[in-house]
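Here is the structure we will look at, set down as structure tokens.
Just so we're on the same page: letters track the sequence lines, and every chain starts at 1.
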There are 2 protein chains.
Amino acid sequence: MVPCLKDVAERAGVSVSTASIALRQDPRVKEETRRRIAQAAEELGYRPNGIARDLKTRRTGMIAILLHSLGGPFFSELVRGIEDAVHVSDFMPIVSSSGKDDSALRRFLLEKRVDGAIILNSNIDEEVLQTVASESMPIVVLDRSIHLEHVYPVMCDHRTGARRATRHLMDLGYPEVAFISGPADSYHGRLRHDGYVDAHASLGRQVDERMIYHGTFTEGSGYDIARRMAENGRMPQAIFAANDEMAIGALRAFGELGVRVPQDVAIVGFDDIRLANYVTPSLSTVRQPMYDLGVTAAKTLLRMLKGERGFAPAELQTELIVRQSSTGFPG
Amino acid sequence: MVPCLKDVAERAGVSVSTASIALRQDPRVKEETRRRIAQAAEELGYRPNGIARDLKTRRTGMIAILLHSLGGPFFSELVRGIEDAVHVSDFMPIVSSSGKDDSALRRFLLEKRVDGAIILNSNIDEEVLQTVASESMPIVVLDRSIHLEHVYPVMCDHRTGARRATRHLMDLGYPEVAFISGPADSYHGRLRHDGYVDAHASLGRQVDERMIYHGTFTEGSGYDIARRMAENGRMPQAIFAANDEMAIGALRAFGELGVRVPQDVAIVGFDDIRLANYVTPSLSTVRQPMYDLGVTAAKTLLRMLKGERGFAPAELQTELIVRQSSTGFPG
DNA sequence: TTGTAGGCGTTATCAC
DNA sequence: GTGATAACGCCTACAA
């Protein structure tokens with residue numbers, strides 16, 4: 001049904017090996033023979049079978065980008081960065097997300113269907129990375145602190161970002177800054193929490209545990225927490241939320257309750273999702289350089305694929321973006 | 001370096017074929033032998049090589065989702081739908097976007113690296129589809145009207161959606177509705193334009209070509225057009241924009257100029273991007289059922305992969321969502 | 001119940 | 001310049 005190299009060779013009256021190198025423009029084969037072969041291939045509609053080539057050459061030319069979900073707000077920026085950087089090589093990036101079931105992703109890696117991978121998915125645990133990563137299959141992990149051979153981390157300094165956001169509010173003159181945290185088991189959540197603590201330490205202040213509220217990174221949880229704050233009469237004057245979604249939820253709650261932002265309470269989020277600039281008031285936040293993160297991850301992987309080793313793990317900085325929700329001064 | 005089946009077999013003292021079937025739980029092999037083989041595999045850290053298996057079995061177990069870009073607002077909903085539907089099978093969906101260079105995507109298909117594909121990317125032209133699609137490689141194209149063997153279209157009725165949006169404004173009592181179109185070479189843009197025309201026809205009205213403005217689907221183009229409208233003193237009372245981005249650009253321009261929406265001008269967009277619900281005033285729009293589109297595409301492809309043929313092309317309906325930007329009546 | 005042999009479609013190594 | 005021949009790692013008749 002589908003023509004293979006042998007068919008082309010027969011039709012052109014040459015051997016399979018000659019056909020093979022001829023079609024790859026090898027200068028060893030005479031111009032005229034080459035043309036005959038090319039024509040035979042054309043007539044048969046021949047296309048090389050990538051799988052067979054991969055098996056023989058022991059490389060697939062593909063690198064995997066494994067995510068937890070494709071939904072997140074940054075994801076597209078990240079992938080854009082990776083794609084732009086990979087584009088100069090002749091690798092092809094393919095994206096896959098785990099959804100509920102990460103076993104498929106694991107198999108993907110274990111079965112060597114790619115030459116390397118960039119992983120932003122905490123479900124792929126260290127053990128899998130350990131067994132999968134090798135000379136011939138380097139891996140870059142994003143936003144995780146892992147040190148294994150053939151595995152390089154590319155991180156973003158959430159902790160410093162969170163410290164700056166908190167300090168920004170403190171420096172504005174707010175004596176106490178409340179914190180809406182992420183889920184306890186979230187690595188990012190923990191780093192952002194640590195940054196919040198750091199900010200206090202940097203001024204020799206004590207963290208008041210009662211100022212810490214536990215959210216789940218969803219808009220709804222931010223909304224609920226903000227309502228509770230207002231209704232319990234324990235309104236802080238300033239809030240740092242561990243992500244924008246929760247900050248926006250809080251904004252919505254305060255809007256409904258007639259609590260003015262930033263006059264009554266200042267708010268800073270984290271992530272700089274697109275919405276942050278569109279809500280009213282616009283939301284101050286901490287921006288992660290997702291595009292750059294993608295570029296850095298890709299460049300690192302490409303270097304590893306070229307056989308380089310031993311460079312330092314990368315850590316990129318965040319940027320504080322001040323908008324309306326934290327402009328002004330304690331009322 | 002990497003252990004293969006032969007190594008496992010040797011270590012277990014059996015032949016390769018026995019090892020092969022044993023590892024796939026074939027009942028033909030004796031319990032004790034199986035255990036010995038399993039242990040050998042375990043000790044060596046053996047993992048089957050997916051590429052080799054694919055070559056032999058002539059199937060990869062993967063289906064490709066080929067997009068133009070990963071950035072768009074719907075894309076993640078679409079992919080979520082596809083993934084949810086594919087999940088019940090044992091295929092694995094992998095996503096790739098062309099960015100600047102679609103030749104990589106074409107190669108991907110031509111080299112048979114997947115068992116099937118879902119394509120939402122107009123750069124992959126009919127000729128490529130023609131040569132690629134086959135019994136063993138069915139393809140679903142989204143939002144394109146293509147009829148080829150082994151290629152099924154899954155579409156969304158943009159035209160009717162655009163007609164309804166336009167009629168909605170007309171029915172509100174606005175005598176004239178301006179149209180901010182997309183780029184001329186856009187298939188969607190054309191369908192939405194046709195719907196706009198249909199709405200006029202349905203009331204026996206004539207389209208006034210001067211009410212049609214040509215945008216580029218970007219927020220900036222919507223902004224520019226709205227400014228021109230206001231500054232030239234040719235303000236319409238109602239506007240239908242071919243997408244939300246442009247509608248939101250117009251909203252921003254009117255906001256700056258003190259033109260009130262919906263009192264001075266009513267606006268309806270298309271797409272229902274997340275932002276539409278958050279801008280002020282919130283934007284009326286036409287929602288495409290992206291998730292359902294993904295589910296339908298995936299189910300269709302899975303049926304084709306099972307060998308079914310001859311079912312009807314799918315067309316899904318849009319939904320008009322009325323928000324603040326078109327509530328009220330001609331002022 | 002297990003082993004032998006051949007092949008999937010390609011590339012690589014040598015001869016000629 | 002070109003052509004045998006042997007892999008790549010796995011699967012599957014068929015034979016024993």
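- Closest to the side chain of B/Leu55, from the set C/dC8, D/dC14, D/dA4, is C/dC8.
- At a cut-off of 3.5 angstrom, counting only N and O atoms as typed in the model, there is a donor on one side and an acceptor on the other between the side-chain of B/Ser17 and the base of C/dT4.
- Here D/dG1 is the nucleotide among C/dT4, D/dG1, C/dT10 with the atom lying nearest to any side-chain atom of A/Lys30.
- Residue B/Arg24 is in sugar-phosphate contact alone, with no base atom involved, counting any heavy-atom pair closer than 4.0 Å across all strands shown.
- The A/Arg58 side chain lies nearest to D/dC8 when the options are C/dG7, D/dC8, C/dT2.
- Between C/dT2 and B/Thr33, a contact under 4.0 Å exists linking OP1 or OP2 to a side-chain N or O.
- Distance B/Arg34 CZ to C/dT2 P: 10 Å, rounded to the nearest Å.
- A straight line from CD of B/Gln25 to P of D/dC11 spans 13 Å, rounded to a whole angstrom.
- The CZ atom of A/Arg59 sits 12 Å away from the P atom of C/dT11 (whole-angstrom rounding).
- Of the listed nucleotides (D/dC11, D/dA4, D/dC8), D/dC11 has the atom at the smallest distance from the side chain of B/Leu5.
- When the P atom of C/dA5 is taken as reference, atom NZ of B/Lys6 falls 15 Å away, rounded to whole Å.
- You'll find that the side chain of B/Cys4 is closest to D/dC10, out of D/dG3, D/dC10, C/dT4.
- The nearest heavy atom of DNA chain D to B/Arg28 and to B/Tyr46 marks one nucleotide each, and the one closer to the 5' end goes with B/Tyr46.
- Taking atom CG of A/Asp54 as the reference point, atom P of C/dT11 lies 10 Å away to the nearest angstrom.
- Atom P of nucleotide C/dT1 and atom CZ of B/Arg36 are separated by 14 Å, given to the nearest angstrom.
- The side-chain hydrogen bond (donor to acceptor under 3.5 Å, both in side chains) test with A/Glu83 singles out one residue from B/Ser97, B/Ser69, B/Ser96, and that residue is B/Ser97.
- Using modelled atom types, one side-chain atom of A/Asp7 and one backbone atom of A/Cys4 make a donor-acceptor pair closer than 3.5 Å.
- Out of D/dA4, D/dC8, C/dT4, the shortest distance to the side chain of A/Lys56 is found at D/dC8.
- Partner of A/Gln39 under the side-chain hydrogen bond (donor to acceptor under 3.5 Å, both in side chains) criterion, out of A/Glu42, A/Arg35, A/Glu43: A/Glu43 alone.
- Judged purely by distance below 3.5 Å, without hydrogens or angles, the side chains of B/His68 and B/Asp102 never pair a donor atom with an acceptor atom.
- Annotation for A/Glu149: atom CD does not count as buried by contact number, only 12 or fewer foreign heavy atoms lying within 6.0 Å.
- The distance from atom CD1 of B/Ile37 to atom P of D/dC11 is 13 Å, rounded to the nearest whole Å.
- Under the side chain to side chain contact (heavy atoms under 4.5 Å, CB included) rule, A/Ile65 has a single partner from A/Ile94, A/Ile119, A/Ile82, which is A/Ile82.
- Between A/Val2 and A/Ile21, the residue whose closest nucleotide on DNA chain C is further toward the 5' end is A/Val2.
- For A/Asn49, taking side-chain heavy atoms from C-beta onward, the closest of the listed nucleotides C/dG9, C/dG3, D/dT12 is C/dG9.
- For A/Arg53 and C/dT11, the shortest distance from a side-chain N or O to OP1 or OP2 is below 4.0 Å.
- OP1 and OP2 of C/dT1 both lie 4.0 Å or more from every side-chain N or O belonging to B/Thr18.
- To the nearest angstrom, C1' of C/dG9 lies 10 Å from CG of A/Asp7.
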